[in-house]
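Right, one structure below, let's go through it.
Below, read A as the first sequence line, B as the second, and so on, with proteins coming before strands; counting in each chain starts at 1.
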2 protein chains.
Amino acid sequence: MSQGEMLGPVDDAVGYVLKQAAVALRNAMDAALRPLHLTVPQYACLELLGQHPGLSNAELARGTFVTRQSMNVVLRGLEDRGLVTRPVTAPRGRELPTVLTQAGLDHLRTASVAIRRIEKKMCGDLTPAQQKGLLEALATCVRSLADTP
Amino acid sequence: MSQGEMLGPVDDAVGYVLKQAAVALRNAMDAALRPLHLTVPQYACLELLGQHPGLSNAELARGTFVTRQSMNVVLRGLEDRGLVTRPVTAPRGRELPTVLTQAGLDHLRTASVAIRRIEKKMCGDLTPAQQKGLLEALATCVRSLADTP
DNA sequence: TGCTCTATGTCAGGACTTTGACATAGCAGA
DNA sequence: TCTGCTATGTCAAAGTCCTGACATAGAGCA
């Protein structure tokens, strides 16, 4: 029994299974990214930058659900490896728009196929309708939790 | 824009929305448990012990998706606060079966209603069918990811 | 113009979690 | 019997992430 199964009532709690799924996905992503010498936050940063070039540190942090400080060290690491570039001076306000380098784009492409393979595996036993329903249900949950009261 | 919305294609990725939902739930739970001076892992430990008295450290760790070491410090904290009890000597093997004290049970009850309120809020805008589908879909995802290949 | 408020980037410190390692207890098979 | 093998509890070290704080840049308003 590698991962708990016969726990009982907790398995009926949406929150518990949600956590379980998130951890399983995280572990799978971590294993898939390790050969590429990328951590999950680093990959998330690259993926976001690939889809939205020029994002600032704070925007990347919000998009990957970490703090600005954490994203800052991630960006420094990626910058030292030559995967992303930031201007030395802020063109507007204090935001430093970050863009992928060619090496960063290459890394992103290989990592992206690996992650897409993981997602395919995760949702492989779901019908398209189930997958659509899952996506919508999760989005609804996020929206419901965001309501302040 | 407190949390990213207009991100685009990433919102269509199941993994991304899954992470988003998990973080939102985690934050909501953390806020709800703070008045009770409980962290999420501590609550998870109490909840698991409430449903399965006598669980060992390693079993609790697996049930809450952390390492044995982390669960060990959690248990020490709960033990120092008098919420759980462990025998000084192992009745079988090296396992130390942990049980809730009366104070631990009281804490669990109040915390449990708070967390149930969070879950209710999270799933409030979902139909019972949607909720059932979400639970099943997540369980299927976990099972699919657990397959070794 | 000047003031306040918000947002950004960054530094230092601390809290939490994980990785690595070790000794020990039970189990299965030669 | 005894010899791997697995599992458990625990210690030490490292890593990761967050909280708190500060200076700065732009927006809104008197």
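The distance from atom CE of B:Met71 to atom P of D:dA7 is 19 Å, rounded to the nearest whole Å. Atom-to-atom, CG of B:Leu60 to C1' of D:dG9 comes out at 13 Å; the value is rounded to the nearest Å. D:dG9 atom P lies 10 Å from atom CG of B:Leu55, rounded to whole Å. With rounding to whole Å, A:Glu95 atom CD is found 14 Å from D:dA25 atom P. The distance from atom CG of B:Leu75 to atom C1' of D:dT8 is 13 Å, rounded to the nearest whole Å. Atom CG in A:Leu96 sits about 16 Å away from atom P in D:dT24, given to the nearest Å. What separates CG of B:Asn57 from P of C:dT24 is a distance of 19 Å, to the nearest Å.
Contact check, A:Arg86 against C:dT10: a side-chain N or O comes under 4.0 Å of OP1 or OP2. Note on A:Thr67: a side-chain N or O is less than 4.0 Å away from OP1 or OP2 of D:dC18. At C:dA7, none of the side-chain N or O atoms of A:Arg92 fall inside 4.0 Å of OP1 or OP2 (strictly under the cut-off). Distances shown here put every side-chain N or O of B:Asn72 at or beyond 4.0 Å from the OP1 or OP2 atom of D:dG9. Residue B:Arg68 has no polar side-chain atom (N or O) positioned under 4.0 Å from OP1 or OP2 of C:dG20. Phosphate proximity of C:dT18 to B:Ser70: present, with a side-chain N or O under 4.0 Å from OP1 or OP2.
Connection of B:Val40 to B:Val84 is established within a shared hydrophobic cluster, with ILVMFWY side chains joined at heavy-atom distances below 4.5 Å, either directly or through further cluster members. Residues B:Leu126 and A:Val14 share a hydrophobic cluster, clusters being chains of Ile/Leu/Val/Met/Phe/Trp/Tyr side chains in contact below 4.5 Å. In this structure, A:Val142 is not a member of the same hydrophobic cluster as B:Tyr16, with clusters built from ILVMFWY side-chain heavy atoms closer than 4.5 Å.
B:Gln42 places no side-chain N or O within donor-acceptor distance of the main-chain N or O of B:Leu78, the cut-off being under 3.5 Å. Checking side-chain atoms of B:Lys121 against main-chain N and O of A:Asp147 turns up a donor-acceptor pair under 3.5 Å. In terms of modelled atom types and a separation under 3.5 Å, the side chain of B:Thr101 and the main chain of B:Gly82 share a donor-acceptor contact. Panel note: side chain A:Gln130, backbone B:Ala137; no donor-acceptor pair is recorded below 3.5 Å.
Mapping B:Val66 and A:Ser56 onto DNA chain C by nearest heavy atom places A:Ser56 at the nucleotide closer to the 5' end. Of the residues near DNA chain C, B:Pro91 and A:Arg76, the one whose nearest nucleotide (by heavy atom distance) lies more toward the 5' end is A:Arg76.
A salt bridge is absent between B:Arg76 and B:Asp80: the closest approach of a Lys/Arg side-chain nitrogen to an acidic carboxylate oxygen does not fall below 4.0 angstrom. The residues B:Arg34 and B:Asp30 are annotated as salt-bridged, a charged nitrogen and a carboxylate oxygen being separated by less than 4.0 angstrom.
Among the protein residues, A:Val73 comes within range of no part of the nucleic acid, since none of its heavy atoms lies under 4.0 Å from any strand.
The end-to-end axis angle of the helix from C:dT1-D:dA30 to C:dA30-D:dT1, rounded to 10 degrees and based on five pairs per end, is 30°.
A donor-acceptor contact under 3.5 Å is formed by the side chain of A:Arg94 with the base of D:dA23. At a cut-off of 3.5 angstrom, the base of C:dG20 holds at least one donor-acceptor pair with the side chain of B:Gln69.
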As a quick check of understanding, evaluate side chain to side chain donor-acceptor pair (under 3.5 Å) for A:Thr140 and B:Asp125, giving each step before the final call. CA-CA 7 Å; A:Thr140 300; B:Asp125 295 335; over 6 Å; no
Protein N or O to nucleotides 14-16 of chain C N or O, pairs below 3.5 Å:
none

